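A short worksheet on the structure shown next.
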Amino acid sequence: MKNDTLLVHAGRDPQAHRGMVNTPVYRTSTVIFPTLASYEDRKKQGDKFVRYGRHGTPTTYAFEEAMARLEGGHKSRVVPNGLAAVVASLTAFARPGGHLLVPDNVYTPARRFCEGRLASWGVRTEFYDPHLGARIAERLTADTIAVYCESPGSQTFEVQDIPAIAAAAHARGIPVIADNTWATPYFLRPFELGIDVSIHAATKYIGGHSDLMLGVITAGASHWDAVHRAVDDLGYSVSPDDCYQGLRGLRTLGVRLRQQMENALALARWLQAQPEVAGVNYPALETHPDHALWRRDFSGAASLFSVELRPDFAPRLEKLVDSLRLFGIGSSWGGYESLINVVKAGGSRSVTKWAPAGPVLRLHVGMEDPQDLMDDLRRGFAAASA
Ligand SMILES: *Cc1c(COP(=O)(O)O)cnc(C)c1O
């Protein structure tokens with residue numbers, strides 16, 4: 001089945017729910033069983049067994065099933081947010097003396113978890129150049145517990161050569177974890193590229209409406225038990241209402257992403273032509289250094305990219321951002337509305353340098369008419385220069 005069809009049909013079974021098109025919200029902590037034997041009989045009921053709310057309800061399972069099918073993995077677990085997915089995926093493989101490889105441009109709270117709590121558990125994190133590709137082989141040791149990837153980086157947008165990294169890691173039996181939030185399963189099928197554990201901040205495009213915190217971990221069959229166990233041990237559970245919203249977001253993910261990609265490309269191309277702009281970091285642009293990798297592995301691009309302004313623009317940056325009317329100033333992305341934020345050039349890198357031409361803005365392009373968004377930016381540039 002193609003992605004668009006899966007988005008509509010995965011994770012729902014109307015006849016199992018009195019004909020309801022959508023899997024209803026089952027709110028519960030406790031489930032009542034008719035007999036003691038049926039309470040104990042987990043095996044017979046398999047994956048759909050519902051014994052206690054923390055483990056999930058039919059709403060949870062519907063969302064998990066839809067995500068696993070979209071990702072092309074064995075099974076999925078829903079967790080409270082994207083960071084919880086990062087934490088659970090790393091906890092699944094953590095052991096004292098373990099060595100973990102993490103890209104230097106990684107989402108900052110993930111870096112903090114590695115440098116803090118994982119270190120206290122005896123795991124040594126080595127940060128690597130996201131462009132290392134097959135040369136990751138030189139960094140693998142007998143103690144390497146996993147290679148973590150995030151492609152593209154969510155502020156600087158380097159694309160990683162995931163198949164090359166996976167080939168090197170798998171040659172030594174090491175699993176590859178990837179944060180697939182930017183692409184979503186709609187634009188990147190992680191297990192086809194060799195990823196063993198895929199994580200998402202479903203808070204972003206999957207929720208799609210800036211009103212949901214949600215995360216998902218999907219694993220291949222050989223790593224499922226480790227991931228499943230980690231989520232249980234961490235005590236995560238997710239409200240069935242939020243799982244319902246996750247499922248609801250999936251139904252329109254394709255149309256939203258296609259439109260937002262079109263809008264983002266129009267804006268990125270327009271920005272490239274502006275005198276205030278030194279460069280646009282968006283892998284979907286032919287001028288991006290990783291464009292060929294992106295074209296090979298992704299079937300589309302999310303609507304999040306960054307823009308490097310000319311260095312002399314620095315004193316006017318705040319005026320530009322404050323004068324915009326359609327771009328909200330705020331964290332997160334993936335909703336239907338446009339957002340803008342400032343990227344700190346130094347970031348939190350430790351082994352690679354990123355030296356942008358000047359101040360950097362990150363834009364999330366929503367579903368507004370791109371002409372209106374361009375007009376807003378044009379007005380902003382004019383106001384900043386006045
Ligand atoms: C936002 C984000 C996360 C964390 O997701 P939350 O739901 O905000 O916890 C993880 N990874 C990436 C790449 C993100 O952008």
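Counting convention: from 1, in listed order, for ligands and their atoms alike. These values consider heavy atoms only, across backbone and side chains, with no hydrogens, waters or symmetry-generated copies. Computed from a predicted structure; not experimentally measured.
Ligand 1 places these atoms under 4.0 Å from at least one heavy atom of Met213: 6 (P), 7 (O), 8 (O). Counting the atoms of ligand 1 from 1 in the order shown, those under 4.0 Å from a heavy atom of Lys204 are 1 (C), 2 (C), 3 (C), 14 (C), 15 (O). Those atoms of ligand 1 that come under 4.0 Å of a heavy atom in Ala201, given as number and element, are 2 (C), 3 (C), 4 (C), 5 (O), 7 (O). Those atoms of ligand 1 that come under 4.0 Å of a heavy atom in Gly82, given as number and element, are 4 (C), 5 (O), 6 (P), 7 (O), 9 (O). Numbered from 1 in the order shown, with element, the atoms of ligand 1 that lie under 4.0 Å from a heavy atom of Asn81 read 7 (O), 9 (O). Near Trp333, meaning under 4.0 Å from one of its heavy atoms, ligand 1 places the atoms 15 (O).
With respect to the salt-bridge test (charged N to carboxylate O, under 4.0 angstrom), the residues Arg296 and Asp161 qualify. Of the charged side-chain nitrogens involved, none lies within less than 4.0 Å of a carboxylate oxygen, so that Asp225 and Arg229 do not count as a salt-bridged pair.
Using bins of under 30°, 30° to 60° and over 60° for the plane-to-plane angle, the ring pair Phe305/Tyr282 lands in the tilted bin. Ring geometry, Tyr205 versus His364: the interplanar angle falls from 30° to 60°, so the pair is classed tilted.
Through direct or indirect side-chain contacts shorter than 4.5 Å among Ile, Leu, Val, Met, Phe, Trp and Tyr, Met20 is connected to no other residue.
The shortest contact between atom 7 (O) of ligand 1 and any protein heavy atom is with Thr203 OG1, 2.6 Å. Nearest protein heavy-atom contact of atom 13 (C) of ligand 1 is Asp179 OD2, 3.3 Å. The nearest heavy-atom contact from the protein to atom 9 (O) of ligand 1 is Leu83 N, 2.9 Å.
Side-chain atoms of Gln160 and Tyr128 include a donor-acceptor pair closer than 3.5 Å. Under the 3.5 Å distance criterion, with hydrogens and angles disregarded, no donor-acceptor pair is assigned to the side chains of Asp143 and Thr141.
Every heavy atom of Trp182 sits 4.0 Å or more from the atoms of ligand 1.
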